[in-house]
Amino acid sequence: MTQFITHFIDGDWIKADAVGLSLNPSDLRDVVAEVADGGQDILEQAISAAHRASSGWAALSTEARSDILNRAGSLLMERSAELGRLLSREEGKTLAEGQGEVVRAGRIFQYFAGEAIRVHGQMLNSTRLSVEVATRREPLGVVGLITPWNFPMAIPAWKAAPALAFGNTVVMKVASITPATAAALAKVLEDAGIPPGVFNLVFVRGSVAAGLARDHRISALSFTGSTGVGRGLAISAVSNGIRVQLEMGGKNPLVILDDADVDRAVSVALDGAFFGSGQRCTASSRLIVAAGIHDRFVSALTKKLAEQRVGHALDPATNIGPVASQEQLESILSFLKVAREEGAKIDIGGEKLSLEHEGYYLSPALVTETSPEMTINIEEVFGPVASVLKVSGYEEALNAANGTKLGLSAGIVTSSLKYAHDFKRRVEAGMVMVNLPTAGVDYHVPFGGTKESSYGSREQGFSAVEFYTQTKTSYTSW
């Protein structure tokens, strides 16, 4: 069934003409949604609505804000089967992954419903007699949120929930290929009782959304997407006095040492590199394997990949769904072509698949016989592809892990506490996993990377208050 999706501004769904289509990547005959496309006037309406609503929402009691977010979280979990199916149909991740993402979004809203009440300040001794010093956290005002397509429910949730919890109003621009999922989140917030203007959702092009980084009514901007776009937004935002937070991807290493359990290593690599069709910024795109275990590991992982079923996202038997778009498919195939030209070997996969339904299907690919300077080990591929680097031992593995401009997530599989602890200390990444997939994080702890992966405050968990509030210090004499 095809939906018509339009902007949600000031508590209303704005009338507009349909100018774009959202297609099911598992079956291109299936039109998930017709979607409006707005211009500068739509962005202006949304910012104005958020600005008008800002003071009232900030003045609302923390308990009232908490209740709305808690209801939104409950509604997401109650509707997880329906919304998870929509998400999988529109984005292409498996049904289990889609439903799990909706539940996660619900838990994020419920977590921040609690955090709305827990925001606190400090009482401090002054250096002067008869003077009392206190700090408190206050909302910023209007925040702009720009979110990607690969987690079309969870990432909007982990940006919007803390922004709203701490008293800010929101203008959100979402990816063009997953509009129906974003609209479903807006409908949940509407049903939860969000006041008009507090949460606004717009479907505009990137060039229009860039206006969020230039408008004096915007206090902060949070972005997840490509490095190039993020840098441009940051320059505009900083030059206009707008607080900015960027998440821009990863080239995440998974180190596998000689002492690792092979079955555990294969399981961790399979999950981290290939599930979610590899379309996760925390995916294990580089498998750095010690020489003593290399051949056994590659053989076992190749066998496991051959067993994976690539298919329609809504088929319960599918392990790996399609990639999200034609553009994404072509990009991945291009990276694999370059890998071959540079001397790498494709052990398995990397082929466009023709299945019962026409879609963006690609067999998961394992690229071996690579070297650190190859493109496949430098650029983010963002698909069901992992490259293998063979190393002599731990120090070479660590150097290879740190040998990129990105530093989001890193993992190691080992039975050695010595190497595990050393890796946690010395690897250049914002998140470190020991005997776990690099993809897969909790919602109540900070999320973010080092180097060119991230800029600004950490997202999620107890760190979110740092970005979405500002500190006021007051002095009182008696």
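FYI, the numbering just counts along the sequence from 1. All figures in this text were calculated on a predicted structure; none of them were measured in a lab.
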With a cut-off of 6.0 Å (strictly less than), are more than 12 heavy atoms of other residues, nucleotides or ligands near NE2 of H294?
yes

Closer than 3.5 angstrom, by distance alone: can the side chain of T135 be matched with the main-chain N or O of Q122 as a donor-acceptor pair?
yes

Can you check whether L140's main-chain N or O pairs, donor with acceptor, with N168's side chain at less than 3.5 Å?
yes

Treating T438 as the side-chain partner and G411 as the backbone partner, does any N or O pair qualify as donor plus acceptor under 3.5 Å?
no

Nearest atoms (heavy-atom pairs only) where L408 meets G449
CD1-N, 3.6 Å

Show me, pair by pair, the donor-acceptor contacts under 3.5 angstrom made by side chains of residues 426-433, not counting sequence neighbours?
{"residue": "R426", "atom": "NH1", "partner": "E395", "partner atom": "OE2", "Å": "3.0"}
{"residue": "R426", "atom": "NH1", "partner": "D422", "partner atom": "OD2", "Å": "3.0"}
{"residue": "R426", "atom": "NH2", "partner": "E395", "partner atom": "OE1", "Å": "3.2"}
{"residue": "E428", "atom": "OE1", "partner": "K451", "partner atom": "NZ", "Å": "3.0"}

For E44, is there an ion pair with R217 - N to carboxylate O distance below 4.0 angstrom?
yes

Step-by-step side chain to side chain donor-acceptor pair (under 3.5 Å) determination, S222 to K159
CA-CA 7 Å; S222 179; K159 291 182 187 293; 2.8 Å; yes

Do N252 and S409 have side-chain atoms, one donor and one acceptor, less than 3.5 Å apart?
no

Stepwise, does the side chain to side chain contact (heavy atoms under 4.5 Å, CB included) test hold for T224 with T147?
CA-CA 5 Å; T224 298; T147 65; 5.9 Å; no

T414 side chain to S416 main-chain N or O, any donor-acceptor pair under 3.5 Å?
yes

With F447, the ring-ring contact (aromatic ring centres under 6.0 Å, His included) member among W158, F467, F462
W158

Should the heavy atoms of other residues, nucleotides or ligands under 6.0 Å from CD of E342 be counted, would the total exceed 12?
yes

For F275, does its backbone N or O pair with a side-chain atom of K93 as donor and acceptor, under 3.5 Å?
no

Distance alone, cut at 3.5 Å: any donor-acceptor contact between the side chains of E466 and S457?
no

Taking 4.0 angstrom as the limit, do R118 and E115 come out as a salt bridge?
yes

Derivation and outcome, side chain to side chain donor-acceptor pair (under 3.5 Å), residues S463 and R458
CA-CA 6 Å; S463 285; R458 290 289 190 257; over 6 Å; no

Heavy atoms from other residues, nucleotides or ligands near OH of Y419 exceed 12 (cutoff 6.0 Å)
no

Give me the ring orientation class for F382 and W149: parallel if the planes are under 30° apart, tilted from 30 to 60°, perpendicular past 60°.
perpendicular

Answer with yes or no whether the side chains of S176 and R205 bring together a donor and an acceptor at under 3.5 Å.
no

